[in-house]
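Okay, so here's the structure we're looking at.
Every heavy atom of this structure was used, including side-chain atoms; hydrogens, water molecules and symmetry mates were not.
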Amino acid sequence: MPVAFGFSRFLNPSVNRILPRLVCASSSSSHAASSPSERPELPGDLSGCGGFPAFIREGRAEIFADESNSVFYNKAQVNNRDLSVAVLRSFISRRREEHDIRLRKVCPSSSHDEAGSRTKIPPKQHADELDHVRGRSEDKALYEETSCRAPKVLEALAASGLRAIRYALEVDGIGEVIAVDNNEEALEACKKNIRHNGSAASSKVVPHLADARVYMLTHPKEFDVVDLDPYGSPAAFLDSAVQCVANGGLLMCSATDMAVLAGGNPEVCFSKYGSYPLRGKHCHEMALRILLACIESHAIRHKRYIVPIISVHMDFYIRVFVRIFTSASTVKSSPLKLAHVYQCTGCSSFHLQNVGRINSKDKRNIALPNFSPAVPQECSECGHSFVMGGPIWSDPIHDKEWAASILSSVHTISAAYSAYAKISAILTSVSEELSHAPLFVSLHHLCATLKCTNPTIAMFQSAIRNAGYQISGSHVDPLALKTDAPMSVIWDIMRCWVKLHAIKYRPGNHPGTMILSQEPKLQANFSHVPGSLVARKSPRFVPNPEKYWGPKTKAGRQPKIRPMDNL
């Protein structure tokens with residue numbers, strides 16, 4: 001007998017308890033967000049317990065379940081929503097600190113509180129962020145704009161409104177939350193869910209029926225936070241989104257079209273994001289950098305630029321959190337933050353070259369077009385040709401200090417996050433990543449190219465550090481190794497490893513054979529370096545909590561039908 005695809009997950013008694021649960025409302029329910037008198041009267045036959053249908057509870061919010069799939073909801077995105085709540089809490093706190101700095105510069109006497117003690121200065125922040133407190137007219141406008149009011153949030157693609165409701169209920173100090181959707185059925189569901197969550201949600205969340213692109217274009221620089229979480233690509237919304245964010249505001253953006261961003265359809269990626277992806281172990285990090293480069297390209301058209309806070313690949317999508325500032329002078333250095341990638345078709349060695357360069361003889365520090373490619377026609381390691389990808393974002397994709405601060409906050413109130421284990425693992429990995437090392441290599445792929453046995457990760461990391469370079473893991477892949485060592489050093493280390501662990505000679509022009517035919521210029525030292533591996537007190541990668549954990553059917557479509565035997 002055919003059954004709906006994914007139905008078996010409701011029959012599984014071992015479903016992880018940290019996930020959003022389907023519960024029936026009853027008169028004795030103690031966790032409802034509103035009293036029974038505040039619940040809306042629902043038309044039709046209510047087959048749920050106590051006369052009400054099933055609810056979905058996530059965080060402090062509770063929404064009506066929609067079994068018809070007319071309004072999109074994906075419980076796998078609980079990781080996305082929990083991480084967004086954590087970043088938003090941190091942003092509001094950081095925004096308050098920055099306001100105190102501006103206030104002290106404008107009124108030095110305000111640097112003391114009523115008791116006469118000096119207020120605490122926040123940690124060193126991004127230099128470009130602090131440039132906005134130096135007395136220019138645009139800085140004064142920013143100061144006046146953000147001095148008193150609570151941050152205003154826009155959820156541009158609201159659907160059921162769950163995310164907007166969670167922001168209103170769980171983030172202290174938040175102001176008005178505008179939930180926009182162009183689907184009437186989704187907006188009605190959003191309104192019902194807002195009313196169901198009582199006065200706390202109704203007083204802050206305001207639903208609007210509108211096209212998100214038009215709404216953002218008609219509200220320039222009005223919102224301190226803009227959240228874009230589309231089903232698929234966010235490319236169509238980016239130009240209006242970067243204009244909608246207030247100066248110094250936060251843009252949170254997701255992309256779920258990973259087949260496009262990771263190299264499955266490079267021509268589609270170029271048409272949407274203006275960049276060519278390359279296939280490889282690092283494709284998911286490259287997807288992050290393509291999205292950041294795309295947001296930057298839209299921002300600089302309006303004399304604005306981005307500063308990434310956190311950029312993560314999680315489950316089946318990527319999510320970036322960036323601040324947007326206005327500065328016509330800083331925009332001119334944007335080519336220095338973008339790079340083309342040259343990747344060998346044989347050994348997959350990659351090299352980056354910035355789009356722009358600085359002329360050291362010019363005191364204005366204006367970015368000029370870069371010189372000819374930094375790689376020869378053929379790879380110096382294996383003799384194969386290169387393919388060019390990008391441009392991608394080559395600057396750091398995380399603010400490690402900010403990530404560590406968010407992680408500390410998450411640990412403090414871990415009970416507030418349903419997906420605590422997942423977001424804690426990701427933030428831990430992010431806070432340990434090497435900042436100035438775009439993309440990464442995979443130790444297993446290096447050994448597969450040479451057809452040799454694998455050294456341990458600790459040995460490889462020690463060899464890199466003994467050679468005078470830095471190395472770390474990555475949140476994208478448990479086997480990833482990010483390092484500032486050039487590919488020539490990495491292959492020399494592998495040549496030295498093969499000398500110690502001989503392999504069978506393979507004739508021909510195989511990339512591994514060509515690489516091993518050269519003598520290493522660097523003599524690798526595999527002796528253990530203290531601290532080469534970070535103490536693993538907490539996991540960096542956690543398994544999916546249940547089967548079929550991933551993207552769900554788009555709203556309005558019915559689940560696929562599969563035979564019972566295939567489930």
Side-chain angles (χ1 to χ4, degrees), residues 80 228-242 251-301 304-324 334-343 348 350-356 370 373 386-399 426 430 433 435-442 474-477 480 482 551:
N80 184 321
L228 287 178
D229 187 27
Y231 191 99
S233 171
F237 304 95
L238 292 179
D239 197 70
S240 52
V242 297
L251 173 62
M252 305 188 285
C253 180
S254 301
T256 61
D257 55 335
M258 293 306 296
V260 171
L261 283 164
N265 304 97
E267 71 287 353
V268 178
C269 185
F270 186 82
S271 67
K272 290 184 176 181
Y273 299 96
S275 179
Y276 271 112
L278 296 176
R279 301 292 293 270
K281 297 295 183 180
H282 51 62
C283 62
H284 290 142
E285 182 180 331
M286 191 170 190
L288 282 169
R289 294 181 178 276
I290 287 174
L291 179 57
L292 289 172
C294 184
I295 297 175
E296 172 81 353
S297 69
H298 284 285
I300 60 178
R301 299 169 194 171
R304 317 195 82 185
Y305 66 98
I306 68 170
V307 178
I309 298 173
I310 292 178
S311 309
V312 297
H313 168 258
M314 189 161 46
D315 296 328
F316 53 90
Y317 58 91
I318 56 176
R319 177 82 162 165
V320 299
F321 302 84
V322 301
R323 297 190 70 181
I324 296 183
S334 181
L336 304 177
K337 298 180 284 186
L338 305 175
H340 290 288
V341 184
Y342 297 91
Q343 182 170 298
S348 297
F350 60 87
H351 307 270
L352 276 74
Q353 183 181 34
N354 285 344
V355 173
N370 215 335
F386 286 96
V387 62
M388 185 176 72
I392 66 171
W393 180 266
S394 58
D395 256 20
I397 61 175
H398 313 296
D399 185 322
I426 286 179
V430 164
E433 279 189 21
S435 299
H436 292 82
L439 307 181
F440 57 80
V441 296
S442 169
S474 170
H475 78 280
V476 173
D477 188 334
K482 296 177 70 68

Without swapping roles, check the side chain of K482 against the backbone of A437 for a donor-acceptor pair under 3.5 Å. yes

Side-chain touch H284/I318, heavy atoms, less than 4.5 angstrom: no

Do R289 and L291 have side-chain heavy atoms sitting under 4.5 Å apart? no

Should S297 and L338 count as side-chain neighbours, where that means a heavy-atom distance under 4.5 Å? no

Is there a donor-acceptor contact under 3.5 Å from the side chain of E296 to the main chain of I306? yes

Are any of the side-chain heavy atoms of L228 and L238 separated by less than 4.5 Å? yes

Roughly how far, to the nearest 0.5 Å, is the CZ atom of R304 from the CD1 atom of I295? 13.0 Å

Rounded distance (nearest 0.5 Å) linking atom CD1 of I397 with atom CD1 of I392: 9.5 Å

Would you indicate whether the side-chain heavy atoms of M286 and Q343 approach each other to under 4.5 Å? no

Derivation and outcome, side-chain contact (heavy atoms from CB on, under 4.5 Å), residues Y273 and S233: CA-CA 9 Å; Y273 299 96; S233 171; 2.8 Å; yes

Polar contact flag, side-chain donor to acceptor under 3.5 angstrom, S254-N80: yes

Answer yes or no: is there a donor N or O on one side and an acceptor on the other, between the side chain of S311 and the main chain of V320, under 3.5 Å? no

Closer than 3.5 angstrom, by distance alone: can the side chain of D395 be matched with the main-chain N or O of K337 as a donor-acceptor pair? no

Nearest-0.5 Å distance, CD of residue E433 to CZ of residue F440: 9.0 Å

To the nearest 0.5 Å, atom NE2 of H351 lies from atom CG of L439 at 12.0 Å

What do the steps show when you test W393 against V322 for side-chain contact (heavy atoms from CB on, under 4.5 Å), and what is the final call? CA-CA 13 Å; W393 180 266; V322 301; over 6 Å; no

Whether Y276 and F270 hold their rings parallel, tilted or perpendicular, with breakpoints at 30° and 60°: parallel

So do the side chains of H398 and S435 get within less than 4.5 Å of each other, counting heavy atoms only? no

For the residue pair C269 and I290, establish whether any side-chain heavy-atom pair is separated by less than 4.5 Å. yes

Any K281 side-chain heavy atom under 4.5 Å of V441 side chain: no

So which atom in H313 and which in Y317 form the shortest heavy-atom distance, rounded to 0.1 Å? CD2-O, 3.5 Å

